[in-house]
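Structure first, commentary second.
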Amino acid sequence: QVRLVESGGGLVQAGGSLRLSCVASGRTFSSYAMGWFRQAPGKEREFVAAITWNGGSTRYADSVKGRFTISRDNAKNTVSLQMISLKPEDTAVYYCAGYSSAYYATNPGVWGQGTQVTVSS
């Protein structure tokens, strides 16, 4: 059974930084693309960032480009999201997501439980 466990969320002031991490287990981590999504109160879950199986390609939502960086360490079965210059509108529950292939062309099939990020103004 595939399992994704996020950590690193918390409360930060606007302009601050946070680093989210997600540890995967239950399948060959290095074979699959990974991603981060978020869901703010009263809104639908939205895409944030994705990375291919080997880290060779990444993709970001326009709202986070230049501020967020996704990375992965296949030796540690970990995908991370470094967030800088945080804004109050970044407040959301952030979910780690596992795709069903090496690339992020399709929707994710595996989700973590989420970690809360709150940015105060």
Side-chain angles (χ1 to χ4, degrees):
Q1 183 176 357
V2 181
R3 187 175 182 218
L4 303 177
V5 180
E6 304 99 330
S7 62
L11 173 63
V12 64
Q13 288 188 333
S17 302
L18 278 176
R19 184 177 181 88
L20 306 183
S21 293
C22 171
V23 179
S25 61
R27 69 176 184 180
T28 305
F29 177 78
S30 59
S31 297
Y32 299 94
M34 297 294 295
W36 289 93
F37 288 69
R38 67 187 182 186
Q39 186 167 20
K43 296 187 177 181
E44 293 189 354
R45 188 176 299 186
E46 64 175 3
F47 169 79
V48 174
I51 188 166
T52 54
W53 67 282
N54 62 351
S57 182
T58 57
R59 178 184 168 220
Y60 297 93
D62 288 343
S63 59
V64 307
K65 280 181 182 176
R67 300 188 298 121
F68 290 12
T69 303
I70 189 171
S71 61
R72 66 188 296 158
D73 184 339
N74 286 344
K76 297 181 179 179
N77 286 3
T78 300
V79 60
S80 299
L81 186 69
Q82 178 68 49
M83 306 183 292
I84 65 171
S85 302
L86 283 162
K87 305 175 182 180
E89 51 264 44
D90 294 318
T91 295
V93 177
Y94 283 70
Y95 295 91
C96 178
Y99 289 82
S100 301
S101 70
Y103 301 90
Y104 38 76
T106 59
N107 291 327
V110 182
W111 298 91
Q113 82 288 351
T115 186
Q116 177 70 47
V117 171
T118 303
V119 184
S120 63
S121 58

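All values below were derived from every heavy atom in this structure, side-chain atoms included, with hydrogens, water molecules and symmetry-related copies excluded.
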Next on the checklist: Taking atom CZ as the centre, does Arg3 end up with more than 12 heavy-atom neighbours from other residues, nucleotides or ligands that are less than 6.0 angstrom away?
Outcome noted: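 Counting other residues, nucleotides and ligands, CZ of Arg3 stays at 12 neighbours or fewer.
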
Next on the checklist: Please verify the inter-ring angle class for Trp111 with Phe37; under 30° counts as parallel, over 60° as perpendicular, anything in between as tilted.
Outcome noted: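 Aromatic pair Trp111/Phe37 classed perpendicular.
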
Item to check | Donor-acceptor pair between Thr118 and Gln116 side chains, under 3.5 angstrom | outcome: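 Distance-only check passes for Thr118 and Gln116.
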
Checklist entry - Is there a side-chain contact between Met83 and Val12 (heavy atoms, below 4.5 Å)? => result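 No, side chains not in contact.
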
Next on the checklist: In the structure I gave you, are the side-chain heavy atoms of Tyr103 and Trp53 within less than 4.5 Å of one another anywhere?
Outcome noted: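 Heavy-atom side-chain distance check passes, below 4.5 Å.
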
Looking at [X] and [Y], what are the two nearest heavy atoms and their distance?
X	Y	value
Ala92	Ala40	CB-N, 3.8 Å
Ser21	Thr78	CB-CG2, 4.4 Å
Val64	Arg38	CG1-NH1, 4.0 Å
Ser17	Gln82	CB-NE2, 4.2 Å
Ala49	Leu81	CB-CD1, 4.2 Å
Ile70	Tyr60	N-OH, 2.9 Å

Quick check: is [Y] connected to [X] through a chain of hydrophobic side chains (ILVMFWY, heavy atoms under 4.5 Å apart)?
X	Y	result
Val79	Leu18	yes
Phe47	Tyr95	yes
Leu20	Tyr99	no
Val48	Val110	yes

With distance as the sole test, does [X] use its side chain to make a donor-acceptor pair with the main-chain N or O of [Y] at under 3.5 Å?
X	Y	value
Thr91	Val119	yes
Thr28	Ser30	no
Glu6	Cys22	no
Asn54	Asn74	no
Arg67	Ser85	yes
Arg72	Thr52	yes

Next on the checklist: If you apply the rule salt bridge (Lys or Arg N to Asp or Glu O under 4.0 Å), what do you find for Asp90 with Lys87, and how did you get there?
Outcome noted: CA-CA 5 Å; Asp90 294 318; Lys87 305 175 182 180; over 6 Å; no

Rounded distance [0.5 Å steps], [atom1] in [X] versus [atom2] in [Y]:
X	Y	atom1	atom2	answer
Glu89	Ser121	CD	OG	10.0 Å
Met34	Ser80	CE	OG	10.5 Å
Tyr32	Ser101	OH	OG	9.0 Å

Item to check | Evaluation steps, side chain to side chain contact (heavy atoms under 4.5 Å, CB included), between Tyr104 and Ile51 | outcome: CA-CA 7 Å; Tyr104 38 76; Ile51 188 166; 5.5 Å; no

